Chemist: 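Following this message is one structure expressed as structure tokens.
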Amino acid sequence: MPTDHQIIVLGAGYTGTMCAIRLARRTRRLGTAITLVNPTPRFVERLRVHQIAAGRELTEHSLPDLLEGTGITFARGTVTAIDPAARQVTIDGADTRSYDTLVYALGSGTDTTHVPGAAEHAFTLDDPRPFSARLDELDAAGGGTVTVCGAGLTGVETAAEIAENRPGLRVTLVSREEPGALMSERARAYLHRSLDRLGVTRMTGPTVTKVLPEAIELDGGELLPTGACLWTAGVRVPALATEAGLATDENGLVEVDPTLRSTSHPDVYAIGDAAALRQAWGRVHGTCQSGLPAAAYAADTITRRLRGKNVKPFRFGFVHQPVSIGRRDAVIQFTRADDTPRRWYLTGRGAVAYKETISNGPLTMYRLSKRFNVTATLSKGGRATREA
């Protein structure tokens, strides 16, 4: 049995926190020491950041409180370097720590690098409170127009939340693709009726070419005046893995084998948004739905390898696309393993309750995982991921 095996988990988002807590329980008799590194002691519920952006007050959760009783060491700081040859990470440029196993779970942020002015003049959900404060200013001034750029599920949820919570503001959702483009026709129609009810204006087709202090510029030169621009179009991951020499893809995601180990450094596991996860049906895009199963799987796989046991490849299939439309409406699109829509969908109060259960799930799972092996996988993908 190995003794004093140092495991460092980088990032305390949904995946990193899940992996660390499950590891603590699964390896407690194996002589491991687990450290969870994060820049802030506050746990961010990314499934709810659109609510914060709209100005709703939510309960804050402390990482040390979530980790209480697990034996995990919480290290507050930003990882500034990884030396995979020496098996070391550096925190805040000065604190160097050694590892035997590293879990890379640093997640992703909003990409504002491809459109001029976006980084300078647009708000993002990476830090929703400044945007909420700007909405307060607009409300105090008697109203104004708020523009949400990007009509992925995050953009749709945020636009709806603002429209419902701040009826004095005019909300415009701008995107190249139609909101709900990945849904079935009937579910998408319901989504659009709900957005109409909330007064959300949609501009589908134009490309944003520039963000200005009080407007956005569309292709063709049209200017769309706005009191606040929220950018939700596109994500990017930290450059840390690439800079460290880990094998990464063209987007900087860590290349992993079927057991979620780095293809270049097998003592490193990558999970969540910053990992290039693949299944037989294609690429797994980063969501809480895929991140929690990957985190639990990584914890179990690390444990099995420490015990000298064989492991099976990671299998995962999507089940749903849950979308809140304010606090009193929602639509749940059920999907095939590859995230393409099935015929079935859920709307109204049932969908609201369903979405709230999903949003509460991670925190409940963390508490239970201190005592039990709680499953985080809704589907392994069935035949779509089964080995031949």
Side-chain angles (χ1 to χ4, degrees), residues 7-24 34-80 89-95 97 103-110 112 123-136 154 157-158 161-162 165 230-232 235-238 240 271-274 286-289 291-292 295 299 324 327 355-356 358-370 376:
I7 302 174
I8 297 181
V9 180
L10 304 183
Y14 285 121
T15 58
T17 303
M18 177 68 187
C19 186
I21 291 175
R22 192 173 179 101
L23 271 170
I34 301 169
T35 301
L36 179 61
V37 184
N38 202 61
T40 170
R42 181 169 57 90
F43 178 76
V44 178
E45 291 186 89
R46 290 188 67 177
L47 291 175
R48 297 189 185 277
V49 290
H50 61 287
Q51 296 176 241
I52 299 172
R56 299 188 189 275
E57 292 296 324
L58 302 179
T59 302
E60 291 199 355
H61 301 279
S62 161
L63 281 166
D65 288 347
L66 290 176
L67 302 178
E68 185 177 2
T70 64
I72 297 169
T73 299
F74 175 68
R76 180 179 182 178
T78 299
V79 181
T80 50
V89 299
T90 303
I91 303 170
D92 291 334
D95 181 6
R97 304 193 182 205
V103 180
Y104 190 95
L106 290 180
S108 64
T110 306
T112 57
F123 297 90
T124 74
L125 293 180
D126 295 343
D127 186 359
R129 297 189 185 281
F131 178 71
S132 179
R134 176 57 182 157
L135 298 187
D136 289 340
T154 299
E157 288 192 323
T158 308
E161 200 79 32
I162 297 168
N165 198 45
L230 180 69
W231 196 264
T232 69
V235 297
R236 62 172 178 167
V237 300
L240 195 63
I271 55 177
D273 293 3
T287 66
C288 184
Q289 186 180 172
L292 290 177
S324 62
R327 294 298 85 210
K355 177 65 191 300
E356 190 63 16
I358 294 297
S359 297
N360 289 334
L363 289 170
T364 300
M365 201 169 294
Y366 300 154
R367 288 189 285 268
L368 293 176
S369 292
K370 294 179 183 181

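Everything numeric in this text was worked out from a predicted model, so none of it was measured.
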Chemist: Name all residues meeting the side-chain contact (heavy atoms from CB on, under 4.5 Å) criterion together with Thr80; count only those two or more places apart in sequence or in a different chain, and write none if there are none.
Modeler: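 Thr80: side-chain contact (heavy atoms from CB on, under 4.5 Å) contacts with Thr90.
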
Chemist: To check you understand the geometry: which heavy-atom pair defines the closest contact between Thr110 and Arg236, and what is its length?
Modeler: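 Reported closest heavy-atom pair: O-NE, 4.0 Å.
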
Chemist: Look up atom OG1 in Thr158 and atom CG in Leu125, then write down how far apart they are to the nearest 0.5 Å.
Modeler: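 Between Thr158 OG1 and Leu125 CG, I get 4.5 Å after rounding to 0.5 Å.
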
Chemist: Looking only at side-chain N and O atoms, does His50 offer a donor or acceptor that is under 3.5 Å from a partner on Thr232?
Modeler: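 Checked: Thr232/His50 side chains show no N/O donor-acceptor pair below 3.5 Å.
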
Chemist: Using side chain to side chain contact (heavy atoms under 4.5 Å, CB included), reason through Leu66 and Leu363 one step at a time and then give a plain yes or no.
Modeler: CA-CA 8 Å; Leu66 290 176; Leu363 289 170; 3.9 Å; yes

Chemist: Do the side chains of Arg134 and Pro130 get nearer than 4.5 Å, heavy atoms only?
Modeler: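 A side-chain contact is absent here, since even the closest heavy-atom pair is not under 4.5 Å.
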
Chemist: Between Glu68 and Arg367, does any side-chain N to carboxylate O distance fall below 4.0 Å?
Modeler: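 No, this pair does not count.
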
Chemist: How long is the gap from CD1 on Ile162 to OG on Ser132, to the nearest 0.5 Å?
Modeler: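 If I round to the nearest 0.5 Å, the distance is 9.0 Å.
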
Chemist: With side chains defined as the heavy atoms from C-beta onward, is the minimum distance between Phe74 and Ser62 less than 4.5 Å?
Modeler: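 Not touching, per the 4.5 Å side-chain cut-off.
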
Chemist: Report the C-alpha distance between Val44 and Arg46 in whole Å, list the side-chain angles of each, state the deciding distance to 0.1 Å, and finish with yes or no for side chain to side chain contact (heavy atoms under 4.5 Å, CB included).
Modeler: CA-CA 6 Å; Val44 178; Arg46 290 188 67 177; 4.1 Å; yes

Chemist: Quick one: does Val37's side chain get under 4.5 Å of Val89's, heavy atoms only?
Modeler: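 Sidechains of Val89 and Val37: no contact.
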
Chemist: Rounded to the nearest 0.5 Å, what separates atom CG in Leu292 from atom OG1 in Thr15?
Modeler: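 Rounded to the nearest 0.5 Å, the CG-OG1 separation comes out at 7.5 Å.
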
Chemist: May I ask you to decide if Ala12's main-chain N or O and Thr17's side chain share a donor-acceptor pair within less than 3.5 Å?
Modeler: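 Indeed, once roles are kept as given, a pair shorter than 3.5 Å links the two residues.
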
Chemist: Minimum heavy-atom separation for Ile72 to Ala20, with atom names?
Modeler: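 Between these two residues, the closest heavy atoms are CD1-O, 3.3 Å.
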
Chemist: Quick one: does Asp92's side chain have a donor or acceptor within less than 3.5 Å of a partner on Gly77's backbone?
Modeler: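 Side chain of Asp92 to backbone of Gly77: no pair is present.
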
Chemist: Could you walk me through whether Phe123 and Leu135 pass side chain to side chain contact (heavy atoms under 4.5 Å, CB included), step by step?
Modeler: CA-CA 11 Å; Phe123 297 90; Leu135 298 187; over 6 Å; no

Chemist: CG of Leu63 to CZ of Arg76: how many Å apart, nearest 0.5 Å?
Modeler: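 The CG atom of Leu63 sits 10.5 Å away from the CZ atom of Arg76.
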
Chemist: Please say which of Arg56, Arg48, Gln51 ends up in a side-chain hydrogen bond (donor to acceptor under 3.5 Å, both in side chains) with Glu161.
Modeler: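 Per the side-chain hydrogen bond (donor to acceptor under 3.5 Å, both in side chains) rule, the option paired with Glu161 is Arg56, out of Arg56, Arg48, Gln51.
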
Chemist: Quick one: closest heavy-atom pair of Ala376 and Met18, and the distance?
Modeler: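 So the minimum-distance heavy-atom pair works out to CB-CE, 4.4 Å.
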
Chemist: For the CZ atom of Arg22 and the OG atom of Ser369, what is their distance to the nearest 0.5 Å?
Modeler: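 Result: 6.0 Å between the selected atoms.
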
Chemist: Testing the basics here: between Gly286 and Asp273, what is the closest heavy-atom pair and its distance to 0.1 Å?
Modeler: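 Scanning both residues, the minimum pair turns out to be CA-OD1, 3.3 Å.
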
Chemist: Once rounded to the nearest 0.5 Å, what's the spacing between atom CD1 of Ile91 and atom CD1 of Ile8?
Modeler: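 These two atoms lie 6.5 Å from each other.
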
Chemist: Measuring only between side-chain heavy atoms, which start at C-beta, is Val237 closer than 4.5 Å to Leu106?
Modeler: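 Val237 does not reach Leu106 side chain to side chain.
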
Chemist: Looking at Leu47 and Pro362, what are the two nearest heavy atoms and their distance?
Modeler: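 That closest heavy-atom pairing would be CD1-CG, 4.5 Å.
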
Chemist: Aromatic ring centroids of Phe43 and Tyr14 under 6.0 Å?
Modeler: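 Phe43 vs Tyr14: aromatic centres under 6.0 Å.
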
Chemist: Test side chain to side chain contact (heavy atoms under 4.5 Å, CB included) on Arg327 and Asn165; report intermediate values, then the result.
Modeler: CA-CA 9 Å; Arg327 294 298 85 210; Asn165 198 45; over 6 Å; no

Chemist: At their closest point, which heavy atom of Leu36 faces which heavy atom of Gly11, and how far apart are they?
Modeler: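 It is CD1-O, 3.5 Å.
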
